[in-house]
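Below: one structure, written as structure tokens.
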Amino acid sequence: MNLKSLCRPIGGGCYLLEEGVRIPVRIFMNETLFAEAEEALFQQIKNATEFPDVRDVVITPDAHTGYVVPVGCVIATEQTLCQAPVGYDIGCGMMAFRSDVDKGKGLDDRLRRRFSEEVMDRVALGVGEGGKYPVDEKKFEEIVRFGAEALGYERGNASERDFIPVDDRWKIPAKPKSRGIHQLRSLGGGNHFIELQYDQEEHLWVMVHTGSRGFGHGMATEYIQRGKEYLRQKGIRLAGGAEATYFSPDSPLWFEYKNAVAAGANFAIANRLLIWEGVGRAFRKVFGSEPELVYEISHNLVQEEEVPALGGKFWVHRKGATRAFPAGHPMLKGTRWYETGHPILIPGSMGDKSYILYAEPGAERSLYSVNHGCGRRMSRSAAKQQFTQSYVNRQMATLNVMVNAGGNVPIDESPGCYKPAEDVIASVVGAGLARVAYVLTPIASIKGND
DNA sequence: ATGTCC
């Protein structure tokens, strides 16, 4: 069955898929992005509707096919916890800070090279790398259980969540622990990055994209495997296949996975804040000014949320989707963001703009969520076939973005691999989900190797 | 995304 052909525009920058799926799905795309979407994406959207007590599904404009469900997918369940709709990089997300330093300093080749090198000295880069913040077991336990608070950050100030509570009875699994304990203050590889940028007022910013490294990956792997066994024993197989796993609340595994996600999220929050400290020191040293942490937020998570639009509490899974609470959202009560909504951090590709958005009241139509990036439009292998090293190096030089202090540009992360940020942001703004507060232009990008 | 196969 061709599901794409069953979608119909319902206005407000949204398509509705109602036929051929268990519950209606709202797909927030403009005509251009919808036209480009392939049927495989819609088959994965169908998978997202198949989980037992799923109540609502939303697709963001940067959506592309992922593991079982799309990257760019929001799923609200009554209680069921699903693995694929969180993904392997539990707690992966963004952090941004701004300064009063003029963009001219950032564009100075000598200064941006020095900044890049100072960052590379302080933060571990690449897959398989250990971190630059060694901790003992006691400190690691504290970080995993109390995230930002274990590092002394003031509550509700810097972060989407200071930490997600982890039950005392839950024990950190040995294997993920043995990997994670050495990986704090490390960036990882793939699409993770640290980027120097400037805003419309010509002030320097830094954005960071990273996650829970081997710690979250280890737990995701563990609970996806156990989910497969759990469903096999129950004789259940969803249309999405053996990998479309979940835990129902009557299982002890539900409790375990809930805590594993919380722990992964806490690790990721702490990792981003530790990177912020390292990058902040580099920034101060090179540019001579104290930057201000704007916000820190995840785009791969399941957490229990008050969902006013659905009239209750739900388990909101965001896989490659960013939380977008507008002003007055009940979950912002008591934070500094209650009157304005919290900042939404959206990166573009390494050659493209990034954006800081604030949610509009219309975000209630999208499960209080927007996109998390621009969406890949080319596989990594296709990129390596299509582009040469010298081409992408020249491309970034032309865009005036220094990569890894003058090193090679990772071909499969080059701008041609991603959709234009403008199209995706236009979809979000056009749908009335959020407005643009800052547009950030890249100056220097720091990336790990695969 | 990931000590990209314990």
Side-chain angles (χ1 to χ4, degrees), chain A residues 44 60 62-73 82-95 123-132 134 140 173-194 207-229 243 245 257 260-261 263-272 275 297-302 317-322 347 349-350 371-376 378-384 410-413 417-418 446-450:
Chain A
Q44 290 201 336
T60 61
D62 58 335
H64 56 98
T65 53
Y67 175 75
V68 182
V69 298
V71 177
C73 169
C82 317
Q83 290 91 322
V86 174
Y88 276 95
D89 193 355
I90 297 168
C92 180
M94 299 297 304
M95 176 176 56
V123 179
L125 306 174
V127 173
E129 286 301 308
K132 301 219 174 188
F140 186 72
K175 225 194 298 182
K177 180 174 172 176
S178 70
R179 287 169 63 175
I181 196 165
H182 305 294
Q183 290 186 314
L184 286 158
R185 195 172 274 157
S186 74
L187 187 70
N191 59 8
H192 290 169
F193 66 83
I194 299 168
M207 254 193 190
V208 178
H209 177 214
T210 186
S212 54
R213 309 287 287 102
F215 181 63
H217 184 272
M219 288 190 300
T221 306
E222 166 84 17
Y223 288 103
I224 286 167
Q225 190 51 40
R226 294 175 77 171
K228 287 182 187 173
E229 286 160 22
E243 292 172 322
T245 59
Y257 182 62
V261 170
N266 294 342
F267 180 101
I269 291 167
N271 190 34
R272 280 189 286 274
I275 289 173
I297 188 167
S298 171
H299 47 231
N300 280 2
L301 205 57
V302 57
H317 303 66
R318 292 193 183 86
K319 169 66 178 296
T322 313
S349 78
M350 58 163 65
N371 61 308
H372 82 309
C374 302
R376 192 165 260 288
M378 189 184 295
S379 72
R380 293 184 184 280
S381 52
K384 286 172 187 164
I411 295 170
D412 53 357
E413 283 293 312
C417 303
Y418 291 91
I446 295 154
K447 302 276 298 178
N449 297 310
D450 291 344

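Every chain is numbered from 1 and lettered A, B, ... according to where its sequence line falls, protein lines coming before strand lines. What you see is a predicted model, and the numbers here were worked out from it, not measured in a lab.
As judged by a 4.0 angstrom heavy-atom cut-off over every strand, Gly189(A) is placed among residues touching the sugar-phosphate backbone only. Gly87(A) comes within 4.0 angstrom of no nucleic acid atom, judged by non-hydrogen atoms across all strands. In this structure, Gly130(A) reaches neither bases nor backbone, as no heavy-atom distance under 4.0 Å exists between it and the strands shown. Using a 4.0 Å heavy-atom cutoff across all strands shown, Gly214(A) reaches sugar-phosphate atoms only and no base atom.
Here the P atom of nucleotide dG3(B) and the NZ atom of Lys177(A) are 18 Å apart, to the nearest Å. For Glu129(A) and dT4(B), the CD to C1' distance is 15 Å, given to the nearest whole Å. Whole-Å rounding puts the Ile90(A) CD1 to dT2(B) P distance at 12 Å. Atoms CG (Asp412(A)) and C1' (dT2(B)) sit 14 Å apart, rounded to a whole Å. Rounded to an integer number of Å, the gap from NZ of Lys175(A) to P of dT2(B) is 17 Å. Following rounding to the nearest Å, Leu125(A) (CG) and dT2(B) (P) show an atom-to-atom distance of 12 Å. One interatomic measurement links the two molecules: CD of Glu222(A) to P of dC5(B), which rounds to 18 Å at whole-angstrom precision. What separates NE2 of His192(A) from P of dT4(B) is a distance of 16 Å, to the nearest Å.
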Checklist entry - Given the rule in the side chain to side chain contact (heavy atoms under 4.5 Å, CB included) test, do Phe215(A) and Arg179(A) qualify, once you have shown the distances and angles that lead to the verdict? => result CA-CA 6 Å; Phe215(A) 181 63; Arg179(A) 287 169 63 175; 5.9 Å; no
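The shortest distance between the side-chain N/O atoms of Arg213(A) and the OP1/OP2 oxygens of dG3(B) is below 4.0 Å. In this structure, Gln183(A) does not reach the dT2(B) phosphate: none of its side-chain N or O atoms is under 4.0 Å from OP1 or OP2.
The two atoms that bring Val261(A) and Leu301(A) nearest to each other are CG1-CD1, 4.0 Å, heavy atoms only.
Scanning for ring-ring contact (aromatic ring centres under 6.0 Å, His included) contacts around His209(A) gives His192(A), Phe193(A), His299(A), with sequence neighbours left out.
Side-chain polar atoms of Thr245(A) and Gln83(A) form a donor-acceptor pair below 3.5 angstrom.
Note that CE of Met95(A) and CD1 of Ile297(A) are 13.0 Å apart. Values are rounded to the nearest 0.5 Å.
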